[in-house]
Amino acid sequence: MDRQEHAQVRQISGLSEISDRYDAILCDIWGVLHNGVASFALASEALASFRRRGGVVVLITNAPRPSPPVRRQVLRLGVPAEAFDAVVTSGDVTIGLIEERTGDPVLHIGPARDLSLFDAVAEAMGRRPELVSVEDAQYALCTGLRNDETEMPDDYEPELRAIASRDMTMICANPDIVIHRGENLIFCAGALARRYEELDGPVIYAGKPHARIYDRALALAERARGAPLEKRGVLAIGDGMKTDIAGAARAGLDALFVTGGIHRSLHGEAPASPADPVELQRLYEEYASWPVAAIPALQP
């Protein structure tokens, strides 16, 4: 598409305005279906309605944990099982990256809740990775800040410099920079990985916008559908330009941009109204990624 075509991104009020052309949806979770505190009922209904018409929905998230606990969290927050067929997480992809390094001691940077990654590796491989200090590690795995409610990325500067001095590879299990937990802005693993790259440290990213998670999500969608999918029949939905929209573009998929999520400032003081079209265009050009449509919040 040329720049003139890019300029014509539609702003819609409901998924049904464009969903008829798609057989499957890959939908982001945090910021689209819930905010970490409560789910968004209309978003769930939009996906459930799509499934009732024969579509397949795979939830795709940069959560750095295996999919089973993320699925339980989604259900606990009120997203009904009728809204989706399967879940794929950045954690699922990370498990594969850890398995490739079985036997290598690893430095884990992240909260204790993410240790389920290592449990999953132990179950699959019969051996749990050895967690060690930076001095003894062969690589680093970053799943987030150890206490994301009190810490900031700057708190990790000495540790990141120590890792960089050893030229260790860092696996980033969550490429998101920030998310909203309720109304609070929370830094994610991507913020630490970005700084590590600035220190010339090598980083491998497990989740969106990178290819591995889309390959896994498309395979799950085809399994749920019981038939192959053409990429032109798949719609990605998300609220992050750097991850969801750019990732969809890299994967060759159409994208629906939920503007009222992480980029909610586009709406000024009127969150339910359409986003400022001038600011939207600026954002698309900044990330060199253009969705097929934009919507304030996902709804039928």
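Positions are given from 1, in the same order as the sequence printed here. Note that the coordinates shown come from a computational prediction; the quantities given were computed from them, not determined experimentally. Side chains included, hydrogens not; waters and symmetry mates left out as well; all remaining heavy atoms used.
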Peer 1: Throw together a table of side-chain donor-acceptor distances under 3.5 angstrom for residues 115-125, partners on residues two or more places apart or in other chains.
Peer 2:
residue, atom, partner, partner atom, Å
Asp119, OD1, Arg128, NH1, 2.4

Peer 1: Sub-3.5 Å donor-acceptor pair from the side chain of Ser39 to the main-chain atoms of Leu33, do we have one?
Peer 2: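 No: the side chain of Ser39 does not pair with the backbone of Leu33.
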
Peer 1: Between Lys242 and Glu286, is there a side-chain N and carboxylate O pair less than 4.0 Å apart?
Peer 2: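 So Lys242 does not pair with Glu286 through a salt bridge.
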
Peer 1: Quick one: which residue pairs count as a side-chain hydrogen bond (donor to acceptor under 3.5 Å, both in side chains) with a foot in residues 48-61, not counting sequence neighbours?
Peer 2: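 Passing the test, one end in residues 48-61: Ser19-Arg53, Glu45-Arg52, Ser49-Arg53, Arg51-Asp85.
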
Peer 1: My understanding is that only one of Asp244, Asp176, Asn62 makes a side-chain hydrogen bond (donor to acceptor under 3.5 Å, both in side chains) with Lys208; could you say which?
Peer 2: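 Going through the options one by one, the only one that passes is Asp244.
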
Peer 1: Distance-only, no hydrogens or angles: does the Arg166 side chain make a donor-acceptor pair with backbone N or O of Val134 under 3.5 Å?
Peer 2: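 Looks like yes, one N/O pair under 3.5 Å.
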
Peer 1: Show your working on side chain to side chain contact (heavy atoms under 4.5 Å, CB included) between Val106 and Glu130 and close with a plain yes or no.
Peer 2: CA-CA 6 Å; Val106 55; Glu130 182 183 5; over 6 Å; no

Peer 1: Any ion pair linking Glu285 and Arg282 (charged N to carboxylate O, less than 4.0 Å)?
Peer 2: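 Looking at Arg282 and Glu285, the cut-off is not met.
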
Peer 1: Identify every side-chain donor-acceptor pair in residues 63-82 under 3.5 Å, counting partners at least two apart or on other chains, and give the distances.
Peer 2:
residue, atom, partner, partner atom, Å
Arg65, NH1, Asp114, OD1, 3.1
Ser67, OG, Asp92, OD1, 3.4
Ser67, OG, Asp92, OD2, 3.2

Peer 1: Please assess Ile295 against Glu17 for the test side chain to side chain contact (heavy atoms under 4.5 Å, CB included), listing each intermediate value before the final yes or no.
Peer 2: CA-CA 11 Å; Ile295 189 170; Glu17 295 179 42; over 6 Å; no

Peer 1: So, Ser90 side chain and Ala173 main chain: donor-acceptor pair closer than 3.5 Å or not?
Peer 2: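 The answer is yes, because a donor-acceptor pair under 3.5 Å joins these two groups.
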
Peer 1: Hey, are Arg194 and Glu197 close enough for a salt bridge, meaning a charged N less than 4.0 Å from a carboxylate O?
Peer 2: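 No, this pair does not count.
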
Peer 1: Mind checking salt bridge (Lys or Arg N to Asp or Glu O under 4.0 Å) for Arg113 and listing every partner two or more places apart, or none if nothing turns up?
Peer 2: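 Residues passing salt bridge (Lys or Arg N to Asp or Glu O under 4.0 Å) with Arg113: Asp148.
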
Peer 1: Please enumerate all residues that pass salt bridge (Lys or Arg N to Asp or Glu O under 4.0 Å) together with Arg250, with sequence neighbours excluded.
Peer 2: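 Listed in chain order: nothing, the list is empty.
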
Peer 1: Ignoring hydrogens and angles, tell me if any N or O in the side chain of Asp239 forms a donor-acceptor pair with the backbone of Val32 under 3.5 Å.
Peer 2: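 No, the answer is negative, given that no donor and acceptor are paired below the 3.5 Å cut-off.
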
Peer 1: Of all residues at least two apart in sequence or in a different chain, which pass the side chain to side chain contact (heavy atoms under 4.5 Å, CB included) check with Ala255?
Peer 2: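 Testing Ala255 for side chain to side chain contact (heavy atoms under 4.5 Å, CB included), a comparison that skips the adjacent residues, returns Ile245, Ala248, Pro291.
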
Peer 1: Stepwise, does the side chain to side chain contact (heavy atoms under 4.5 Å, CB included) test hold for Ile98 with Thr102?
Peer 2: CA-CA 6 Å; Ile98 296 172; Thr102 299; 6.0 Å; no

Peer 1: Quick one: does His34's side chain have a donor or acceptor within less than 3.5 Å of a partner on Gly36's backbone?
Peer 2: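 Yes; judged by distance alone, with no hydrogens or angles, the pair exists.
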
